[in-house]
Amino acid sequence: MKSHTRVAVIGGGVVGCSVLYHLTKAGWKDVVLIERDQLTAGSTWHAAGGFHTLNGDPNVAKLQGYTIGLYDELERISGQSCGLHRSGGLLLADTPERMEWLKMAHARARYLGLETSLLTPSEAKALLPLIEERFFVGAMLDAADGNLDPYGTTHAYAKAARIGGAEIHQQTRVTDLVRRPGGGWDVVTTQGTIVAEHVVNAGGLWAREIGRMVGLELPVLAMEHMYLVTDEMPEVVAFNREHGHELPHAIDFKAEIYMRQERTGMVLGTYEKACVPWQPRQTPWDFGAQLLPPDLDRIAPSLELGFQHFPAMARAGIKRVVNGPFTFSPDGNPLVGPVQGLSGFWCACAVMAGFSQGGGVGLALSQWMVNGDPGFDVWAMDVARYGGWATRSYTNAKVRENYSRRFSIRFPNEELPAARPQQTTPLYDRMLAQGAVMGDSWGLETPLWFAPRGVAPRDVVSFHRSNDFPHVKTECLAVRSGVGLTEIANFAKFEVAGPGAERFLDRLMTNRMPRLGRLVLTPMLNEAGKLIGDFTIARAAPERFLIWGSSQAQIHHLRWFESHLPPDGSVRIHRFDLGLVGLAIAGPMARAVLERAPDEDVSATAFKFMEHRAMDVGNVPAMVNRVSYTGELGYEIWVAPEYQHTLYDALLEAGKPHSLVHFGMRALLCLRLEKNFPTWYRELRPIYGPFAAALDRFVELGKPEFLGREAALQ
Ligand SMILES: Cc1cc2nc3c(=O)[nH]c(=O)nc-3n(C[C@H](O)[C@H](O)[C@H](O)COP(=O)(O)OP(=O)(O)OC[C@H]3O[C@@H](n4cnc5c(N)ncnc54)[C@H](O)[C@@H]3O)c2cc1C
């Protein structure tokens with residue numbers, strides 16, 4: 001092994017090999033892959049090898065489309081067969097709700113340029129005669145579905161990477177990672193140490209343990225997963241003879257099974273409710289190419305339904321049962337990208353569908369490393385979407401929830417219950433007492449809407465109008481005509497201070513920095529001129545700025561800020577997290593409420609729109625922004641958590657004569673949409689520039705320079 005390399009990729013599963021190949025393709029030739037055992041020795045070797053484009057996040061679906069399209073290129077370059085079977089796949093709906101969900105998936109697929117069509121049950125049966133038609137109401141055909149040979153595909157990536165200049169070291173385990181003072185990493189292995197500028201954690205089943213080498217507890221957990229392979233089935237043989245091609249794949253959401261043809265029989269796998277984590281604390285380093293003992297009782301409920309839905313399967317003999325572990329993040333999407341605070345340490349792990357996602361993960365990560373940006377919208381798999389609240393036991397609960405719901409519908413606005421509440425503000429119980437229906441906002445319980453007395457405080461979700469509709473409407477109308485109060489602790493909050501702070505922010509943001517005591521709204525762009533953030537910024541002191549942004553993206557933004565800090569130490573960044581919590585009041589009567597609380601003049605002329613001020617509100621030292629995301633007259637009031645109760649009481653008292661109501665995030669989001677205020681992560685994503693998103697008025701072209709200026713103009 002050489003002594004230095006630009007990149008050390010740890011892990012020779014399908015994901016590590018894809019990263020290696022894509023790095024060489026992007027032009028970095030000085031790259032090595034280090035594998036503990038032999039290629040595919042983690043979860044890769046025993047995968048069922050299925051691939052599909054279906055994903056809850058359209059951008060991940062697109063990456064899956066890229067992965068599937070890549071296999072022909074790989075075979076051509078490497079000369080290694082991936083063992084492709086492009087059979088197409090059926091998604092079978094058993095209820096009208098599932099059919100609506102498929103219609104949504106179909107519409108998304110069309111937008112993404114993927115080839116899908118909706119079918120009646122008899123059309124589906126014509127394609128897959130094993131179906132007992134009466135159990136289904138319809139289906140979607142996804143032409144891109146298929147399966148491959150996991151071993152061949154991983155080796156095709158590896159061969160193509162070697163052709164591109166990469167080195168691969170097998171039987172070499174990374175035992176430690178030590179940060180070098182001047183940047184880069186000592187990658188300590190059983191065969192000696194190699195110095196790497198960048199390290200990629202593609203450790204699959206051991207990704208968590210590799211994270212621990214650098215002090216990280218990554219939110220990733222392995223689950224046991226079973227599939228069975230049948231003996232030859234006469235129905236399969238007859239179909240192949242008659243049609244001259246294989247049976248399509250199928251997902252039966254009701255039975256929670258997937259199936260496909262394997263030689264002259266079938267493979268049938270389950271995502272069972274009674275799922276079981278594997279090695280929840282520590283993956284043993286000596287776990288080899290082993291399988292786990294099968295437990296058919298656990299998947300019996302799925303099999304029983306499956307045998308009704310596909311009667312021929314009940315008659316088939318079982319040749320083999322495979323039970324193997326593979327990894328998941330809490331939301332089931334991969335963890336990809338640079339880790340905040342650990343320069344040169346990258347993740348490509350928690351990839352639960354390596355043969356659908358591995359190519360896209362490799363492409364995104366390689367572009368990120370080589371160009372400083374993944375090149376498209378990878379938010380749904382950015383490792384920065386989790387914070388410190390995603391602990392090991394949180395991850396365990398969420399991964400189990402996700403696994404057991406793999407084939408369940410996620411309705412619009414549906415909040416999932418596992419591992420909640422995780423974080424709460426001091427007002428949590430008082431909000432519940434007001435009838436708050438809570439949602440999870442980046443691990444924090446946040447009021448979504450308030451159930452009036454006599455109404456059960458819970459969501460009943462639907463693709464149509466859900467039960468919150470009239471109550472959210474009442475809240476919106478009350479804010480528009482009177483005054484409402486809501487909690488805004490879930491916003492991201494940063495302080496940027498120091499002699500270089502203004503210059504630093506001026507370079508990162510499209511707008512000019514505000515004068516003392518003023519606020520500005522400003523997008524933030526990447527080098528390609530695309531939107532990567534949208535903030536409210538206050539100048540609280542000549543060299544001290546306060547920044548509010550999207551809660552979900554706070555680690556993502558902190559990582560970006562830190563990677564652009566000037567080396568001279570003239571800028572300090574602090575993320576408040578829940579050290580700063582807030583309440584907002586909004587509506588035409590908001591000023592009248594505020595006037596009763598502080599010992600200050602907050603009249604329209606004394607405290608103007610887009611001003612920021614430190615003042616006591618009801619005895620409490622607060623920072624107040626004269627701005628409201630509702631688009632109504634309003635104030636955002638920020639205090640330390642120990643003051644939140646006192647502030648709340650003061651505002652309730654002051655609001656009494658004006659019939660102040662509580663409103664939640666859903667009303668806030670409705671009100672801001674009416675005013676056409678976009679929000680990062682929902683409307684504003686890095687696939688748009690600021691002009692396409694109609695943010696022109698926040699782009700100060702008079703400034704000589706800011707990041708992404710030229711690209712955005714072009
Ligand atoms: C039963 C089953 C069926 C599946 N079916 C499908 C399917 O149909 N379709 C699909 O897309 N996916 C399927 N999967 C999931 C798929 O296997 C995974 O998505 C994929 O294998 C993840 O690959 P990886 O490279 O991230 O991890 P892994 O395959 O686990 O690779 C990680 C590698 O890193 C190496 N490593 C770890 N630590 C070190 C270290 N310290 N030093 C050196 N090397 C190290 C390991 O030896 C290993 O080879 C299935 C999984 C199972 C268990």
Side-chain angles (χ1 to χ4, degrees), residues 8-20 32-52 64 67-68 89 145-151 153-154 157-158 168-177 187-191 199-213 220 222-229 249 251 258-260 262 267 269-271 278 283-292 294 320-329 332 334-336 347-362:
V9 178
I10 307 173
V14 63
V15 175
C17 291
S18 168
V19 170
L20 194 72
V32 302
L33 183 145
I34 303 170
E35 166 54 45
R36 179 188 66 103
D37 191 334
Q38 51 176 297
L39 299 183
T40 76
S43 55
T44 296
W45 71 277
H46 52 243
F51 55 77
H52 52 81
Q64 297 188 181
T67 303
I68 295 167
D145 274 25
N147 61 283
L148 45 64
D149 165 22
Y151 181 90
T153 302
T154 308
Y157 275 123
I168 295 179
H169 299 276
Q170 302 185 65
Q171 306 299 340
T172 306
R173 177 156 75 86
V174 173
T175 54
D176 203 3
L177 292 166
V187 182
V188 184
T189 81
T190 46
Q191 308 296 328
V199 169
V200 178
N201 176 2
L205 295 175
W206 295 266
R208 191 181 44 181
E209 285 67 25
I210 293 170
R212 287 176 190 158
M213 292 179 190
V220 53
M223 298 293 289
E224 293 193 17
H225 181 68
M226 264 180 281
Y227 65 83
L228 41 95
V229 186
H249 285 215
I251 292 179
Y258 61 87
M259 47 194 267
R260 68 165 171 84
E262 167 86 0
V267 160
T270 64
Y271 280 89
W278 180 72
T283 307
W285 287 110
D286 61 357
F287 182 75
Q290 292 154 250
L291 290 176
L292 311 173
R320 195 156 49 96
V321 181
V322 173
N323 184 12
F326 67 123
T327 54
F328 294 76
S329 71
L335 299 173
V336 180
C347 278
C349 52
V351 183
M352 63 77 53
F355 301 98
S356 300
Q357 301 175 332
V361 167

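Both counts, for ligands and for their atoms, begin at 1 and track the order of listing.
Residue V174 has at least one N or O atom closer than 3.5 Å to an N or O atom of ligand 1. Remark: ligand 1 and V14 share an N or O pair separated by less than 3.5 Å (distance only, no angle test). Residue F355 has at least one nitrogen or oxygen atom sitting less than 3.5 Å from a nitrogen or oxygen atom of ligand 1, judged on distance alone.
Side chain of T44 to backbone of V14: a donor-acceptor contact under 3.5 angstrom is found. With hydrogens and angles ignored, the 3.5 Å screen pairs a side-chain donor or acceptor of T175 with a backbone N or O of V188. Between the side chain of S329 and the main chain of A350, no donor-acceptor pair closer than 3.5 Å is present. R320 contributes no side-chain N or O that, together with a main-chain N or O of Y227, makes up a donor-acceptor pair within less than 3.5 Å. Side-chain N or O atoms of T327 include none that pairs as donor or acceptor with a backbone N or O of V220 at under 3.5 Å. With E35 contributing its side chain and G12 its backbone, the two residues share a donor-acceptor pair below 3.5 Å.
Across the listed options G42, G203, G16, S18, G203 owns the non-hydrogen atom lying nearest to atom 32 (C) of ligand 1. Considering each of R36, H225, Q357, the one bringing a non-hydrogen atom nearest atom 1 (C) of ligand 1 is H225. Of the candidates G49, A48, S43, A289, the one placing a heavy atom closest to atom 3 (C) of ligand 1 is A48. When G11, A8, A207 are ranked by how near their heavy atoms come to atom 36 (N) of ligand 1, first place goes to G11.
Every atom of ligand 1 with a heavy atom of I210 under 4.0 Å away is listed here by number and element: 38 (N), 39 (C). The ligand atoms of ligand 1 that sit less than 4.0 angstrom from a heavy atom of G354 are 10 (C), 11 (O), 12 (N), 18 (C), 19 (O). Short contacts between ligand 1 and P325, defined as distances under 4.0 Å to a heavy atom of the residue, involve ligand atoms 53 (C). Listed by number with element, the atoms of ligand 1 under 4.0 Å from a non-hydrogen atom of T172 are 43 (C). Of all atoms in ligand 1, listed by their number and element, those nearer than 4.0 Å to a heavy atom of S356 are 11 (O). Per-residue contacts place W285 under 4.0 angstrom from the following atoms of ligand 1 (heavy atoms of the residue considered): 38 (N), 39 (C), 40 (C), 41 (N). Each of the atoms 18 (C), 19 (O), 22 (C) of ligand 1 lies under 4.0 Å from some heavy atom of V351. Under a 4.0 Å criterion applied to the non-hydrogen atoms of V15, ligand 1 contributes the atoms 23 (O), 24 (P), 25 (O), 26 (O).
The shortest contact between atom 27 (O) of ligand 1 and any protein heavy atom is with G204 CA, 3.2 Å. Nearest non-hydrogen protein atom to atom 35 (C) of ligand 1 is E35 OE1, 3.2 Å. Nearest protein heavy-atom contact of atom 29 (O) of ligand 1 is T44 OG1, 2.5 Å. Distance from atom 15 (C) of ligand 1 to its nearest protein heavy atom, with residue and atom name: F326 CD1, 3.2 Å. Nearest protein heavy-atom contact of atom 31 (O) of ligand 1 is G13 CA, 3.5 Å. Nearest to atom 8 (O) of ligand 1 among the protein's heavy atoms is G50 N, 2.8 Å. At the top of the distance list for atom 13 (C) of ligand 1, counting protein heavy atoms only, stands A47 CB, 3.7 Å.
In this structure, R36 is positioned above the aromatic face of W206, its NZ or CZ under 6.0 Å from the six-membered ring centre and within 45° of the axis.
With values rounded to the nearest 0.5 angstrom, H249 atom NE2 is found 6.5 Å from D145 atom CG. Expressed to the nearest 0.5 Å, how far NE2 of H46 lies from OG1 of T40 amounts to 10.0 Å.
The closest side-chain heavy-atom distance from V322 to L228 is not below 4.5 Å. Put simply, the side chain of V15 does not reach to within 4.5 Å of the side chain of C349, judged on heavy atoms.
Partners of Y258 according to the ring-ring contact (aromatic ring centres under 6.0 Å, His included) rule, which considers only residues two or more places apart in sequence or in another chain, are H225. R173 meets the side chain to side chain donor-acceptor pair (under 3.5 Å) test with no other residue; sequence neighbours excluded.
For R212, the CZ atom counts as densely surrounded, since its 6.0 Å shell holds more than 12 non-hydrogen atoms of other residues, nucleotides or ligands.
By the criterion of a heavy-atom distance under 4.0 Å, neither the backbone nor the side chain of T327 is placed next to ligand 1. Residue contacts with ligand 1, taken as heavy atom pairs separated by less than 4.0 Å, involve A202 solely via the backbone atoms N, CA, C and O. Neither the backbone nor the side chain of E209 has a heavy atom within less than 4.0 Å of ligand 1. Proximity of Y227 to ligand 1, defined as any heavy-atom pair under 4.0 Å, is confined to the side chain (atoms from C-beta onward).
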query: Are Q170 and Q38 close enough, and set up right, to give a side-chain hydrogen bond (donor to acceptor under 3.5 Å, both in side chains), and what steps lead you there?
result: CA-CA 5 Å; Q170 302 185 65; Q38 51 176 297; over 6 Å; no
